[in-house]
Participant: 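Pasting a structure below so you can have a look.
Each chain gets a letter, A, B and so on, in the order its sequence line appears, and its residues count up from 1. Everything numeric in this text was worked out from a predicted model, so none of it was measured.
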Number of protein chains: 2
Amino acid sequence: MDPAAIQQIRRFNRTVAEGIGTFTDHFLGRGRPYGESRVLWEIGTDGADIRELRDRLGLDSGYVSRMLRSLERQKLVRVRVHAADRRVRRAELTALGRRERAVLDSRSDALAARILEPLTDKQRASLLAAVSDVERLLQPSMVRFAIERPTSADAQWCWRQYFAELDERFENGFDADVALPVDVREVTPPGGALIVARLHGRPIGCGSVKTPRGAPAYLKRMWVAREARGLGVGRRLLAELEGYARSTGAKTIHLETNRALREAIALYRASGYVEVPAFNAEPYAHHWFEKPLTQA
Amino acid sequence: MDPAAIQQIRRFNRTVAEGIGTFTDHFLGRGRPYGESRVLWEIGTDGADIRELRDRLGLDSGYVSRMLRSLERQKLVRVRVHAADRRVRRAELTALGRRERAVLDSRSDALAARILEPLTDKQRASLLAAVSDVERLLQPSMVRFAIERPTSADAQWCWRQYFAELDERFENGFDADVALPVDVREVTPPGGALIVARLHGRPIGCGSVKTPRGAPAYLKRMWVAREARGLGVGRRLLAELEGYARSTGAKTIHLETNRALREAIALYRASGYVEVPAFNAEPYAHHWFEKPLTQA
DNA sequence: CCAGTTCTCTGACTAAAGTCAGAGATCATG
DNA sequence: CATGATCTCTGACTTTAGTCAGAGAACTGG
């Protein structure tokens, strides 16, 4: 890759890290550990389930629990049991907590304002345009792929989105009960895997692969959210799934698909899949594809 | 300020912070505390004085000392006394340290490459253009002003730059021994102040003000580095100096200047200074200005 | 209804990061 | 050449951040 381009990106990283540093200091500067501020912020005005907090902040369960106790002692937060599931607890801000959060909010505003303040109107407009370009073009590099349990809430959500889209796009609709079933065990290691693509922590796509021993790997239910298309997520998701299949020793991967899914078919062809005769009786399928998995 | 603009900048901050976070993790992931990595990095291939490290990293003297001991134990760093001043110590990388630093370097490169990698050539070009716009337009907000001792190395450097520029621009050159002298005490609180403007830690301008009790404040030796002009540094430096003078109770501020310094004169006029009769015998001056300091 | 899972919490740790108060060597200056 | 300032270092701390194991309550699916 072009070394000058890399240097420029590195300079940008450094510059922005410096700016962000002052943001962090700012956020901090409330006589409260940064961790607690983050939790306070993340709870939001509507409250949040504790498991959600843990997840979004990527923190240990015991650690979050302790921070919540501390915030409770400061009368900023109230924790109560979840109405529907009494194992789960929900954190909510007290009136005082809400005020504290508003202070953090206005500090973020103040920092942003400090960036804009010394600029002329014209410069401001250029900055906003450039900033939105950078954000858009940074997105592809911020997509993360990870194997997840197919029973997780997000994986289930992806599958629902996927089914809804098939139902909309197939000429005669789609009913998951009619299609060949996918057993949870078949897409959980070592039987296979389900990979979720995320942007800023939110799922934007998923795909799964079954890896039966001594048989071709079998790609299932690949989906990319509409708003995330054009970022190359599909291509990379496919590569991740193939990589997993390859790691289990699979020599070939195959899949079936419906003729309505034109972009998917184009992606498969571009990725080296070739059409083969039907290898199963999936009622919704019109095309069957196969690709050899060369060991890297 | 436009709330939408502020929200956009905040979103940008958040997005980039997420990216920077992965950078930090990357940097870290060497079985070594982040602090030590930073020190290792900052020493650089040419070595660095310890006081310089402390300064650039903003760390406690004891803390840095301990980290250096640890890096010495790991045979990455060698500390020896400074040739010219035996109080000062200089840290240098060993061959092993240099190799370690090269690893950090290549990790930074890899991160930058990961940002560029999923983009098409056209997108890459747009990103680089946008990134350079953002950097340029972020600069004004990253300038920091601070009162410093006029005896500090950076303050002295600024004065030398200033004198050199005057010598170049005045029709008959400039000799600091001929001009009215500035005593160190007169521009050190409480007698006055010297303010240094910095960008990324490097000095890019300075200015000073004498604040004799019961007399007008007196602005001296204001200078902005050529490469930092057009960022509004002069205007802000002037405002900082006036602010200091105001804080000491001064009711008026005055200054003299040479006709060759056209931008400076324009700045003074734009900032509310009006020309007055000569109030001293500065041999290099052609204009004398004065401005009332209204209490904010 | 029971076995396994999920969720939160507590106790007992560790490591990293940073602060503070001197001590001792060295230098600059009147 | 005494005085004060500068620089680095050590010892003695504290706080923050985070990990790990396991207990107990609540839920879920067969």
Participant: Mind calculating the distance between CZ (R54(A)) and P (dA17(D)) to the nearest angstrom?
Facilitator: 19 Å
Participant: Under the 3.5 Å rule, do the base of dC9(D) and the side chain of S61(B) count as making a donor-acceptor pair?
Facilitator: yes
Participant: Distance only, no hydrogens: is a donor on one side chain within 3.5 Å (strictly under) of an acceptor on the other, for S65(B) and R69(B)?
Facilitator: yes
Participant: Yes or no on side-chain hydrogen bond (donor to acceptor under 3.5 Å, both in side chains) for W223(A) and Q161(A), after CA distance, side-chain angles and deciding distance?
Facilitator: CA-CA 8 Å; W223(A) 169 78; Q161(A) 301 301 306; over 6 Å; no
Participant: Could you give the angle between the helix axes at the two ends of the helix from dC1(C)-dG30(D) to dG30(C)-dC1(D), with five pairs per end, rounded to 10 degrees?
Facilitator: 30°
Participant: Return yes if the base of dG18(C) and the side-chain atoms of R66(B) contain a donor-acceptor N/O pair under 3.5 Å, otherwise no.
Facilitator: no
Participant: Would one find a side-chain N or O of R89(A) under 4.0 angstrom from OP1 or OP2 of dT8(C)?
Facilitator: no
Participant: Just verifying a value: how many Å separate T45(B) OG1 and D105(B) CG, rounded to the nearest 0.5 Å?
Facilitator: 9.5 Å
Participant: Among dT8(C), dT6(D), dC9(D), which nucleotide has an atom closest to any side-chain atom of R87(B)?
Facilitator: dT6(D)
Participant: dC7(D), OP1 or OP2 - any side-chain N/O from R86(B) closer than 4.0 Å?
Facilitator: no
Participant: Rounding to an integer number of Å, can you tell me how far D60(A) CG sits from dG11(C) P?
Facilitator: 15 Å
Participant: Pick the nucleotide of DNA chain D nearest each of A84(A) and L59(A); which residue has the one closer to the 5' end?
Facilitator: L59(A)
Participant: Separation of R51(A) atom CZ from dT5(C) atom P, in whole Å?
Facilitator: 17 Å
Participant: In whole angstrom, what separates D49(B)'s CG from dT8(D)'s P?
Facilitator: 7 Å
Participant: I want to confirm an ordering. Mapping Y63(A) and V88(A) to their closest nucleotides on DNA chain C, which one lands closer to the 5' end?
Facilitator: V88(A)
Participant: Could you check whether D85(A) gets within reach of a base, just the sugar-phosphate, or nothing at all, counting any heavy atom under 4.0 Å?
Facilitator: sugar-phosphate
Participant: Please identify which of these residues, E52(B), R54(B), R56(B), meets the side chain to side chain contact (heavy atoms under 4.5 Å, CB included) condition with E42(B).
Facilitator: R56(B)
Participant: In this structure, how many angstroms lie between the P atom of dT6(D) and the CG atom of D55(B), rounded?
Facilitator: 13 Å
Participant: Roughly how many Å is it from CG in L53(B) to P in dC9(D), rounded to a whole number?
Facilitator: 11 Å
Participant: At under 4.0 Å between heavy atoms, what does G62(B) touch on the DNA or RNA strands: base, sugar-phosphate, or nothing?
Facilitator: base
Participant: Mark yes or no for whether R51(B), through its side chain, and V88(B), through its backbone, hold a donor-acceptor pair below 3.5 Å.
Facilitator: no
Participant: In Å, rounded to the nearest 0.5 Å, how long is the span from CG of L71(B) to OG1 of T94(B)?
Facilitator: 9.5 Å
Participant: Can you measure Y34(A) atom OH to dG18(C) atom C1' for me and round it to whole angstrom units?
Facilitator: 18 Å
Participant: Any base atoms under 4.0 Å from R149(B), or only sugar-phosphate, or nothing? Heavy atoms, all strands.
Facilitator: sugar-phosphate
Participant: Report yes or no: do E36(B) and Q74(B) form a side-chain donor-acceptor pair below 3.5 Å?
Facilitator: yes
Participant: Return each pair, listed once, that meets side-chain hydrogen bond (donor to acceptor under 3.5 Å, both in side chains) where at least one residue sits in residues 200-209 of chain B; pairs must be two or more places apart or across chains.
Facilitator: E18(A)-H200(B)
Participant: For L68(A) and dG18(D), what is the distance between atoms CG and C1' respectively, to the nearest whole Å?
Facilitator: 15 Å
Participant: Let me know, please, whether E36(B) or I50(A) comes out on the 5' side of the other along DNA chain C by nearest nucleotide.
Facilitator: I50(A)
